[in-house]
Amino acid sequence: MRYYPRTQLAVELANALQGKLAFSDAPNGLFLAAPRRTGKSTFLQSDLSPELARRQVVVVYVDLWADQKRDPGSLIAEAVGRALLQQLGVVAKATKSAGLESITVGGLKIDTSKIGRVDGITLADALRALVDAAKQPVALIIDEAQHALTSEAGESAMAALKSARDQLNRPDHIRLMLVMSGSDRDKLLRLVNTNAAPFYGSQIQRMPELGPDFIAHIAGLIANQRPDLGDINQATLYQAFVFFGQRPQFFMDALGQVLSPLATHDGRFEDALLAQATERQRGDEAQMESDYTALKPLEQAVLWRMLEQGTRFRPYDAEALLFYADKTGEKITVAKAQKALEGLRAHQPSLIWKSARSEYAVEDAAMLRWYAQRVAAGTWPPLGPQLDWLED
Ligand SMILES: Nc1ncnc2c1ncn2[C@@H]1O[C@H](COP(=O)(O)OP(=O)(O)O)[C@@H](O)[C@H]1O
Ligand SMILES: [Mg+2]
């Protein structure tokens with residue numbers, strides 16, 4: 001078994017989206033954040049989508065990270081276009097009407113060949129047409145939605161979604177449901193937290209991670225397969241899961257190893273698993289440390305400033321320039337800082353995220369936790385072998 005269904009959570013969120021919960025803002029859009037690899041995409045596709053489909057909702061799912069080379073705006077437009085074509089196909093077949101070159105839905109004439117390349121305005125039209133053609137509500141699920149803010153086309157797609165939502169929905173009749181997920185709460189916040197943000201005023205919710213019920217389920221499976229192991233220590237398994245960052249894939253892989261007939265540990269498999277989890281955590285931190293210390297001094301200083309300032313980070317203000325100068329021992333111009341930022345973006349994998357409005361954030365929120373821990377432990381900044389670069 002690789003997949004643990006989360007039916008209850010899917011039912012709750014579907015209720016919220018349909019406006020069945022008092023005091024829930026979900027009908028205006030549901031924004032869900034949780035770290036990478038904690039099971040968001042799996043949940044959205046394997047639990048939430050089928051639950052909505054059971055309720056006669058047409059589900060359109062698009063993952064903006066699926067192909068990072070593609071513009072997020074056109075990924076959204078294409079997903080809506082595909083769903084529309086499907087619905088129109090149904091309509092066309094039913095009425096044996098003309099081909100799909102152009103078709104009229106809800107008073108709107110649509111050139112189907114163009115939907116894949118629609119700009120923001122026609123995206124809203126396409127959504128309205130989809131709702132009309134389907135004669136059912138539509139749920140648009142955008143996974144890693146923060147990525148939309150990295151391009152202007154993506155930004156205008158978001159604005160179009162909001163306007164389509166406002167036109168289609170009435171408090172007692174929700175026809176367009178929007179679900180946006182993201183791996184980083186701070187980035188997702190930019191969709192909702194300023195006056196100019198497309199979904200200003202909406203709240204970001206933490207998507208619950210897999211928890212003790214998942215571990216109990218796994219323990220049950222182990223007990224079934226390996227009665228020779230006796231009582232299973234679920235508390236230790238859960239602890240290990242937490243050390244693996246509640247990322248099921250790493251947990252399951254390690255579990256496979258410690259339960260393998262070829263495993264070499266002495267003692268209980270739970271303890272061996274916990275040891276692996278601890279090691280993995282150290283490994284992750286060592287990786288961040290070596291990534292950081294391998295950067296040029298100014299890049300380190302810029303990243304440091306970003307980690308320290310969070311959403312308040314302004315790359316070129318006077319204080320930032322002084323900070324860089326202080327850390328590098330050199331006078332730092334805006335041009336130099338700009339070059340360092342570009343270096344951080346070009347780094348493989350990219351260390352920083354940039355929005356279409358030139359807002360910056362660290363790419364991986366795990367780095368923020370690592371930074372906070374080291375500051376608390378008094379071990380920041382990490383001193384790598386590159387320290388002598390400072391004398392360059
Ligand atoms: N409910 C689940 N039960 C078991 N394994 C899961 C579950 N959800 C996710 N996983 C595992 O975790 C991995 C990462 O999940 P994914 O949904 O891609 O996370 P995210 O979208 O948050 O990055 C998947 O490849 C899968 O192996
Ligand atoms: Mg995902």
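All values below come from the heavy atoms of this structure, side chains included, with hydrogens, waters and symmetry mates left out. Counting starts at 1 for both ligands and their atoms, in listed order. Heads up: numbering here begins at 1 and tracks the sequence.
Where the criterion is an N or O separation shorter than 3.5 Å, residue side chain and backbone included, Arg36 fails it with respect to ligand 1. Where the criterion is an N or O separation shorter than 3.5 Å, residue side chain and backbone included, Tyr4 meets it with respect to ligand 1. Checking only distances, Tyr3 never comes within under 3.5 Å of ligand 1, N or O to N or O.
For ligand 1, the atoms sitting less than 4.0 Å from at least one non-hydrogen atom of Gly39 are 8 (N), 9 (C), 15 (O), 16 (P), 17 (O), 19 (O), 20 (P), 22 (O), numbered in the order shown with element in parentheses. Distances below 4.0 Å separate heavy atoms of Ser41 from the following atoms of ligand 1: 17 (O), 20 (P), 21 (O).
Although no hydrogens or angles enter the test, the distance criterion places a donor-acceptor pair under 3.5 Å between the side chain of Glu144 and the main chain of Ser183.
With hydrogens and angles left out, the side-chain atoms of Asp143 and Ser41 include a donor and acceptor closer than 3.5 Å. No side-chain donor-acceptor contact under 3.5 Å links Glu285 and Gln281.
Put simply, the side chain of Ile232 reaches to within 4.5 Å of the side chain of Glu270, judged on heavy atoms. In this structure the side chain of His347 never reaches within 4.5 angstrom of the side chain of Glu299, judged on heavy atoms.
In summary, an N, O or S atom of Ser41 is located under 2.8 Å from the Mg ion (ligand 2).
Between Arg6, Gln45, Gln249, it is Gln249 that holds the heavy atom closest to atom 27 (O) of ligand 1.
Taking the ring axis of Phe250 as reference, the NZ or CZ atom of Arg37 does not stay both within 45° of it and closer than 6.0 Å to the ring centre.
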